[in-house]
Amino acid sequence: MIIRLAPEYEQAYQAAKSYFSYTFEYETSLTPAMMLQAFDPVATRFFWQTPDQSLTLLGIGEVFQLPSAKSQQMHQQKEQLRTQLFDPAKACRLVGALPFDPQAKKAPLWDELAEGGFVLPEIELVYQQHRWHVTLIVKRPATYAQLALDFNQLQQRFFAAVTTSHPKKDNHVQATEELAVTQWLTTVEEAVATIKDSGNPLEKIVLARQLRLEMEREIDGAQLVQRLLVQQPQTYVFFFTA
């Protein structure tokens, strides 16, 4: 399959657009988790699926990165990106994550992801009604003639990834450690007391524990996602690495 661009792409190039997208439908028997596995070496990967599994979004790689959620420039840069992007199929999405509380103190273990962040993926995949729709996104090249070449090269990389066998790497845990257990138990007691207080309007409080795992090797994200899909079939499943 050779990508041939419509005249609108040249018009957008002449209008000095900075990013261009091309969308096509792809037939494959690969499941969403298997599709994520196909891009295992890629540093930035995103996965999101609805509880009824009617919609799955994947993002692979990145061509543009927004500042952290705490930055005052985030909204401004998002709107600026919208004007710089030529997206004829209206298929492009920013993918990433936000912290629950941007003002809360961040644990060191989150590193650069502590503030959240969003990226415009290089390859975006949508799985809906048992069909895959693939969107390729490239930066503006030096010449218009190079634009079609860049799309075709990216498409070939996509085809190579999804048609290559990828051996599974089991996630073996060597050691586990629950962090701040005493603090967690105290927080639970305080949450229960708050909910029971008739003068408090809260009806639900979501708490989270920290568990440190020591692995034999780097975690296989696709294996982790697949296990979540099996163990928690009626919940949102989310994965983001950058």
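Residue numbers start at 1 and run along the sequence shown.
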Does NZ or CZ of Arg140 come closer than 6.0 Å to the centre of the six-membered ring of Tyr13, within 45° of the ring's axis? yes

Can you give me the closest heavy-atom contact between Ala91 and Thr135, atom names plus distance? CB-OG1, 3.3 Å

Establish whether Leu211 and Met215 are linked, either directly or via other cluster members, by ILVMFWY side-chain heavy-atom contacts under 4.5 Å. yes

Consider only side-chain heavy atoms of I, L, V, M, F, W and Y, link residues closer than 4.5 Å, and tell whether Met1 and Phe158 are in one cluster. yes

Please round to the nearest 0.5 Å and tell me the distance separating atom OG1 of Thr23 and atom NZ of Lys90. 11.5 Å

Would Arg131 and Glu27 pass as an ion pair if we require N to O under 4.0 Å? no

CA sep, side-chain torsions, deciding dist, call: Val119, Leu66, side chain to side chain contact (heavy atoms under 4.5 Å, CB included): CA-CA 6 Å; Val119 301; Leu66 264 71; over 6 Å; no

Verify the cluster assignment for Leu185 and Ile205: are they in a single hydrophobic cluster under the rule of side-chain heavy atoms below 4.5 Å apart? yes

Distance check, rounded to the nearest 0.5 Å: Asn200 atom CG versus Thr194 atom OG1? 6.0 Å

Nearest heavy-atom neighbours spanning Gln223 and Gln37: N-OE1, 4.3 Å

Quick check: closest heavy atoms across Gln53 and Pro233, and the distance to 0.1 Å? NE2-O, 4.1 Å

Is a side-chain N or O of Lys17 found less than 3.5 angstrom from the main chain of Thr83, in a donor-acceptor match? yes

Answer yes or no: is there a side-chain heavy-atom contact under 4.5 Å between Gln155 and Leu136? yes

Geometric class of the Phe159/Phe24 ring pair [parallel <30°, tilted 30-60°, perpendicular >60°]: perpendicular

For residues Pro32 and Tyr127, report the shortest heavy-atom separation together with the two atoms involved. CG-CD2, 3.7 Å

Tightest non-hydrogen contact, residues Thr28 and Met35, listed as CG2-CE, 4.0 Å

Might you confirm whether atom CD of Gln234 has over 12 heavy atoms from other residues, nucleotides or ligands at distances under 6.0 Å? no

Around atom CD of Gln183, are there more than 12 heavy atoms of other residues, nucleotides or ligands at under 6.0 Å? no

Can you tell which of Ile60, Leu229, Val95 makes a side-chain contact (heavy atoms from CB on, under 4.5 Å) with Phe47? Leu229

In short, Thr50 meets Ser54 closest at the heavy-atom pair OG1-N, 3.2 Å

Trp132 side chain vs Leu30 backbone, donor-acceptor pair below 3.5 Å: yes

For Tyr19, give me all partners under ring-ring contact (aromatic ring centres under 6.0 Å, His included), at least two apart in sequence or on another chain. Phe64

Side chains of Thr56 and Gln49, donor plus acceptor under 3.5 Å: yes

Between Leu85 and Cys92, is there a side-chain heavy-atom distance shorter than 4.5 Å? yes

As a quick check of understanding, evaluate side chain to side chain contact (heavy atoms under 4.5 Å, CB included) for Arg93 and Glu124, giving each step before the final call. CA-CA 8 Å; Arg93 298 173 177 85; Glu124 182 175 308; 3.0 Å; yes

Just by distance, do the side chain of Gln232 and the backbone of Val237 share a donor-acceptor pair under 3.5 Å? no

Donor-acceptor contact present, side-chain Asn152 to main-chain Ile3, <3.5 Å: yes

As an exercise, state the distance from CZ of Arg209 to CG of Leu207, rounded to the nearest 0.5 Å. 10.5 Å

Rounded distance (nearest 0.5 Å) linking atom CG of Leu55 with atom CD of Gln129: 10.0 Å

Are the side chains of Leu120 and Ile137 in touch, meaning some heavy atoms are under 4.5 Å apart? yes

Which residues pass the side chain to side chain contact (heavy atoms under 4.5 Å, CB included) test with Glu10, not counting sequence neighbours? Gln14, Tyr144

Would you kindly confirm whether Ile2 and Phe20 end up in one hydrophobic cluster when ILVMFWY residues are joined by side chain heavy atoms under 4.5 Å apart? no

Distance col, row Arg45:CZ vs Glu62:CD, nearest 0.5 angstrom, shows 13.5 Å

Look up atom CG in Leu149 and atom CG in Leu154, then write down how far apart they are to the nearest 0.5 Å. 12.5 Å

Using the benzene-type ring in the case of Trp, are the ring centres of Tyr9 and Phe86 under 6.0 Å apart? yes

Joint cluster assignment, Met34 & Val162, ILVMFWY side-chain distance < 4.5 Å: yes

Could you point out which residue of Tyr236, Phe239, Phe240, Phe238 forms a ring pair (Phe, Tyr, Trp, His ring centres under 6.0 Å) with Trp48? Tyr236

Quick one: does any side-chain atom of Thr164 pair with a main-chain N or O of Ala161 as donor and acceptor, under 3.5 Å? no

Modelled atom types, side-chain donor and acceptor of Asp87 and Ser21, under 3.5 Å: yes

For Leu58 and Leu36, what are the C-alpha separation, side-chain angles and deciding distance, and is it a side chain to side chain contact (heavy atoms under 4.5 Å, CB included)? CA-CA 7 Å; Leu58 278 78; Leu36 184 66; 4.0 Å; yes

